[in-house]
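Structure first, commentary second.
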4 protein chains.
Amino acid sequence: MIAPALTWQDRSSVRGEMQADEQTRPRTKRLPRSVRERQILDAAVDVFAAQGFHPASMDEISETAGISKPMIYAYLGSKEELFVACIRREADRLLEAIRGAVGEDLRADQQLWRGLRSFFEYTQEHRSSWAVLHRQALAQGEPFSGELAEWRRQAMELISVLLARATAASDQPMQPEQMQPFAAALVGAGESLVDWWIENPGHTADGMAMRLMNLVWMGFGDLVEGRDWKPE
Amino acid sequence: MIAPALTWQDRSSVRGEMQADEQTRPRTKRLPRSVRERQILDAAVDVFAAQGFHPASMDEISETAGISKPMIYAYLGSKEELFVACIRREADRLLEAIRGAVGEDLRADQQLWRGLRSFFEYTQEHRSSWAVLHRQALAQGEPFSGELAEWRRQAMELISVLLARATAASDQPMQPEQMQPFAAALVGAGESLVDWWIENPGHTADGMAMRLMNLVWMGFGDLVEGRDWKPE
Amino acid sequence: MIAPALTWQDRSSVRGEMQADEQTRPRTKRLPRSVRERQILDAAVDVFAAQGFHPASMDEISETAGISKPMIYAYLGSKEELFVACIRREADRLLEAIRGAVGEDLRADQQLWRGLRSFFEYTQEHRSSWAVLHRQALAQGEPFSGELAEWRRQAMELISVLLARATAASDQPMQPEQMQPFAAALVGAGESLVDWWIENPGHTADGMAMRLMNLVWMGFGDLVEGRDWKPE
Amino acid sequence: MIAPALTWQDRSSVRGEMQADEQTRPRTKRLPRSVRERQILDAAVDVFAAQGFHPASMDEISETAGISKPMIYAYLGSKEELFVACIRREADRLLEAIRGAVGEDLRADQQLWRGLRSFFEYTQEHRSSWAVLHRQALAQGEPFSGELAEWRRQAMELISVLLARATAASDQPMQPEQMQPFAAALVGAGESLVDWWIENPGHTADGMAMRLMNLVWMGFGDLVEGRDWKPE
DNA sequence: GATGAATGAGACTTCATTCAT
DNA sequence: TATGAATGAAGTCTCATTCAT
């Protein structure tokens, strides 16, 4: 490794003190594209979550990622494309977590319970992911809300199928399509509870999931009379 | 003897006229401050709802309102203050509508039903109000999300008290504080259902309210067994 | 005096609290033009002195004067014309004070002494006048600095003549034109000392005048050897 | 081995070129930061001197410098910060010139004489510097006048020490603090004489310095009797 | 590949000034 | 006469994006 010759960057600047911490970032380290893309996305999710889409500046994302702006444009395109990539990645991750938890072979209420629990666990551990997905994607209109709609569609399908299967043995079996609004309501209730949870910490993910499960499975009608739902 | 002000239902027509004859409108028609303020707020709500907070430009708001920018700043302050004023006005209106519908003398489930119905009716008729309140206020962070939080706090208090009263006669009476997460979940479910409704039109406000009522009052557990809730 | 009928101004505004102190200003009092003009000039001098020419707003001047903006424009013209009027009035006042103090019949050093003393007295009592004249007029370029130049011309003429007369009996009598640069230097020294005085209070006008008198009449050369000038 | 930077005397020619070929200048010539900063400061001083702080627009400064506005903001901050940077640079330069001329080993009157001469030489050659420092900084209030005050403080200290030393051998030795008002008066006299000089050209810097020297060293009292001060 | 340097475009905001009552 | 209401014009500042090294 040969020490690089003096480049123009070494010329001392009149305002040198503003560049004090530049040393901490290694210069010109060649990394494979996939690693770079993940660094960028990680930084972008954090910044978008903290600032919101518009206030977030490409400068801040570039500094947070430790990668120069031209690289970001080269790898992930414009700011809008970057934001879409963030939404997609986070949506996939959350869905994957829930799908994995729901499984395939349990009774419907058990599956729902596990899904809800994993949802609360995930959002607790990945605040930024959730903020980007829930708050930002919704507010920025097309084409971003379309990405969110796609996530909701998949989440609702998961739930609709699950609920429809639960009615299969009853005397009023229902189609997944009929369960859609209920699934939508459930998703919204979960989203709202996460927000409430953030402002009222001190509850476990299990506790949160239990509350929601009781509400949607037993209903207020049962709850007010003292009947509640318990995991087995 | 209070002269009745124009109610908010009048505003779309008022604005419609102002846009229609924009070409012929005299440059300087003197109107009292209160009228101008309402024109500005109406336009701002529409533009904020359609574009989002940051993409909305004061230029567009001023054109939509048919009022020059300096007047907007003179009457309602900065863009942020204008946005807050929008949020507050719409939150108050929605809460007022729900409070009026809930009444005071009915059984808890009847009150809840009427509240839900008025919620869906209101959001159907005032898309822009709802979009500003639900989507935009949430995403823009402080101080705007604080305004939304205040609205939620009031909505949740309304519901919490209602639900707590419903349990008064049971052998497990509950305090309003204990009902808070359920209220949060209900609010979120309602918000989410409105979004679903927008993308799946063709349902009445009554039908939407009924669905939500069945979910939260009966619960899936009852629903999957064919038991549902009906208004009397 | 009949209570005025309800005018449009009485219609309560949505933001009524911002107009709380409007009662304190009597409305529509007819005053002779000269009084109004003095009110305006007084306010303008204060505001220009405190803010500077450009940052001073016609709104603030109008509020300080208790007179509406259209009146100001009607009486004294544009902002620039108003500023010129301020400069002229204050310059005339200061010159008048000095001319009165100098008198006509005394010995040259006595005249100079009295002129200097009145200068320090005046600037001490009329800070705003001085600030407008000295600081603002100078910085705003033409046509305002021209007004200041006119004041300086007159002040320098007063001094030049005085100094020239003092040399009349010597063997090297001088013309007033030859004394101009000395007069300019004296004026500048006085202006600068006023600034120093403001930041170093605790001296009397007499003391300040004495210092300047000693400097310009005796010179450092005498001062450093212990010879100084005293009023008789 | 320090490569000599362009000295400030070079700047007028540098700027002259940049304005001359503005039409043909390539859009994006990469120059090191320090060069750009000097270009910006040079242009800013000229524009601030010609227009005054408020009337000067960042657009005009950017055009004069041949550099786009965002670069100005990136390198030197807001308009106010840019103005402060101008004041500081010019104040430092002027002080440096005077300090260099005064030297350390001469008799007090000789030192004063050389300092005054260099002051007039400098202000003659750098009109814009002087205008920014003297006229603009004073009028714009805090925080700008504070910068000027700092310059005055240093200039006065230089003079105070010099004068105090001159009295060391007399029977009434004085402290530098006692000489402050005299120093202030001297500075003001010099500033005012420069203004007079601008409107009455045709005198040499030596001649101007001699006039001031005679005034402050000999005093009118001596002058009117025909005694004057001469350099050796 | 990687980055400091550079900019066109557009946003918010304010102000001097005038109009209509 | 006197004033609240109204606006055209202009200024500061920021940002997404691209060049040239």
Side-chain angles (χ1 to χ4, degrees), chain A residues 7-9 11 13 19 22 25 27-31 33 36 54-62 67-75 77-80 82, chain B residues 26-33 35-36 54-62 67-75 77-80 82, chain C residues 7-9 13 19 22 25 27-31 33 36 54-62 67-75 77-80 82, chain D residues 26-33 36 54-62 67-75 77-80 82:
Chain A
T7 69
W8 58 265
Q9 289 145 358
R11 291 179 212 164
S13 147
Q19 306 173 336
E22 281 197 7
R25 186 210 301 177
R27 293 184 170 284
T28 324
K29 198 192 287 178
R30 308 292 169 109
L31 291 175
R33 176 167 186 136
R36 277 281 153 94
H54 274 99
S57 75
M58 296 299 275
D59 268 311
E60 184 171 354
I61 292 171
S62 137
I67 292 172
S68 69
K69 274 188 296 178
M71 282 291 92
I72 296 180
Y73 281 89
Y75 280 150
S78 70
K79 189 185 186 185
E80 300 205 348
L82 174 59
Chain B
R27 271 290 133 196
T28 52
K29 199 192 291 176
R30 308 306 163 97
L31 293 175
R33 179 169 188 143
V35 173
R36 286 293 196 209
H54 275 101
S57 78
M58 295 299 273
D59 267 316
E60 182 169 355
I61 293 172
S62 113
I67 294 170
S68 69
K69 271 188 295 178
M71 281 287 92
I72 298 180
Y73 282 90
Y75 284 162
S78 70
K79 190 184 185 185
E80 298 205 350
L82 174 60
Chain C
T7 69
W8 59 266
Q9 289 145 356
S13 145
Q19 306 173 335
E22 280 198 8
R25 186 210 303 176
R27 292 184 170 283
T28 322
K29 197 193 287 179
R30 309 293 170 105
L31 290 175
R33 177 164 188 139
R36 277 281 152 93
H54 274 100
S57 74
M58 295 298 274
D59 268 312
E60 185 171 353
I61 293 172
S62 135
I67 293 171
S68 70
K69 274 190 294 180
M71 281 291 91
I72 297 180
Y73 281 89
Y75 281 150
S78 70
K79 190 186 185 185
E80 300 205 348
L82 173 60
Chain D
R27 271 291 133 195
T28 52
K29 200 191 293 176
R30 305 307 163 98
L31 293 176
R33 181 171 185 138
R36 286 293 197 209
H54 275 102
S57 79
M58 296 299 273
D59 268 316
E60 182 169 356
I61 292 173
S62 117
I67 295 171
S68 69
K69 269 186 298 177
M71 282 287 91
I72 299 180
Y73 282 91
Y75 284 161
S78 68
K79 189 184 185 184
E80 298 204 350
L82 174 59

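Quick note on labels: first sequence line is chain A, next is B, and so on, each numbered from 1.
You'll find that the side chain of B:Arg36 is closest to F:dA6, out of F:dT12, E:dC12, F:dA6. Listed candidates were E:dC15, E:dC19, F:dT18. Nearest to the side chain of A:Tyr73 is F:dT18. Listed nucleotides: F:dC13, E:dA2, F:dG8. Nearest to the side chain of A:Ser68: E:dA2. For C:Lys79, the listed nucleotide lying nearest its side chain is E:dT17; candidates were E:dT17, F:dT3, E:dA5. Distance from the side chain of B:Tyr75 is smallest for F:dA5 among the nucleotides F:dA5, E:dT7, F:dT12. Of the candidate nucleotides F:dT12, E:dA6, F:dT17, F:dT17 has the atom nearest to the side chain of A:Ser78.
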Where does DNA chain F pair, written as one dot-bracket string 5' to 3', with Watson-Crick or G-U pairs under 3.5 Å, ( ) inside the strand, [ ] for crossing pairs and | for another strand? .||||||||||||||||||||
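Within the nucleic acid shown, D:Met58 comes within 4.0 Å of sugar-phosphate atoms alone, with no base atom in reach, counting heavy atoms only.
Going from atom OG of D:Ser62 over to atom CD1 of D:Ile72 covers 5.0 Å, rounded to the nearest 0.5 Å. Expressed to the nearest 0.5 Å, how far CE of A:Met71 lies from CZ of A:Arg36 amounts to 7.5 Å. The distance from the CG atom of C:Asp59 to the OG atom of C:Ser68 is 11.0 Å, given to the nearest 0.5 Å. In this structure, OH on A:Tyr75 lies 7.5 Å from CD1 on A:Ile67, to the nearest 0.5 angstrom. Note that the OG atom of B:Ser57 and the CD1 atom of B:Ile61 stand 7.0 Å from one another [nearest 0.5 Å]. Here the straight-line distance linking atom NZ of D:Lys79 with atom OH of D:Tyr73 works out to 8.0 Å at 0.5 Å rounding.
One atom, CG of A:Asp59, and another, P of E:dA6, lie 15 Å apart when rounded to the nearest Å. Rounding to whole angstrom units, CZ of residue B:Arg33 and C1' of F:dT3 are separated by 15 Å. Across the protein-nucleic acid pair, D:Met71 atom CE and E:dA5 atom C1' stand 6 Å apart, rounded to whole Å. Per the geometry, NE2 belonging to C:His54 stands 12 Å off C1' belonging to F:dA10, to the nearest Å. At whole-Å resolution of the value, CD1 in A:Ile67 and P in E:dA2 are 9 Å apart. Look at CD1 on B:Ile61: it is 8 Å from P on E:dC12, rounded to the nearest Å. A straight line from CD1 of A:Ile72 to P of E:dT3 spans 10 Å, rounded to a whole angstrom. As a whole-Å value, the separation of A:Glu60 CD from F:dT14 P is 14 Å.
Counting atom types as modelled, C:Lys69 pairs no side-chain N or O with a base atom of F:dT3 as donor and acceptor under 3.5 Å.
Looking at which nucleotide of DNA chain F each of A:Glu80 and B:Pro70 is closest to, the 5′-most match is held by B:Pro70.
When all heavy atoms of D:Ala74 and D:Arg33 are compared, the pair lying nearest together is O-NH2, 4.0 Å.
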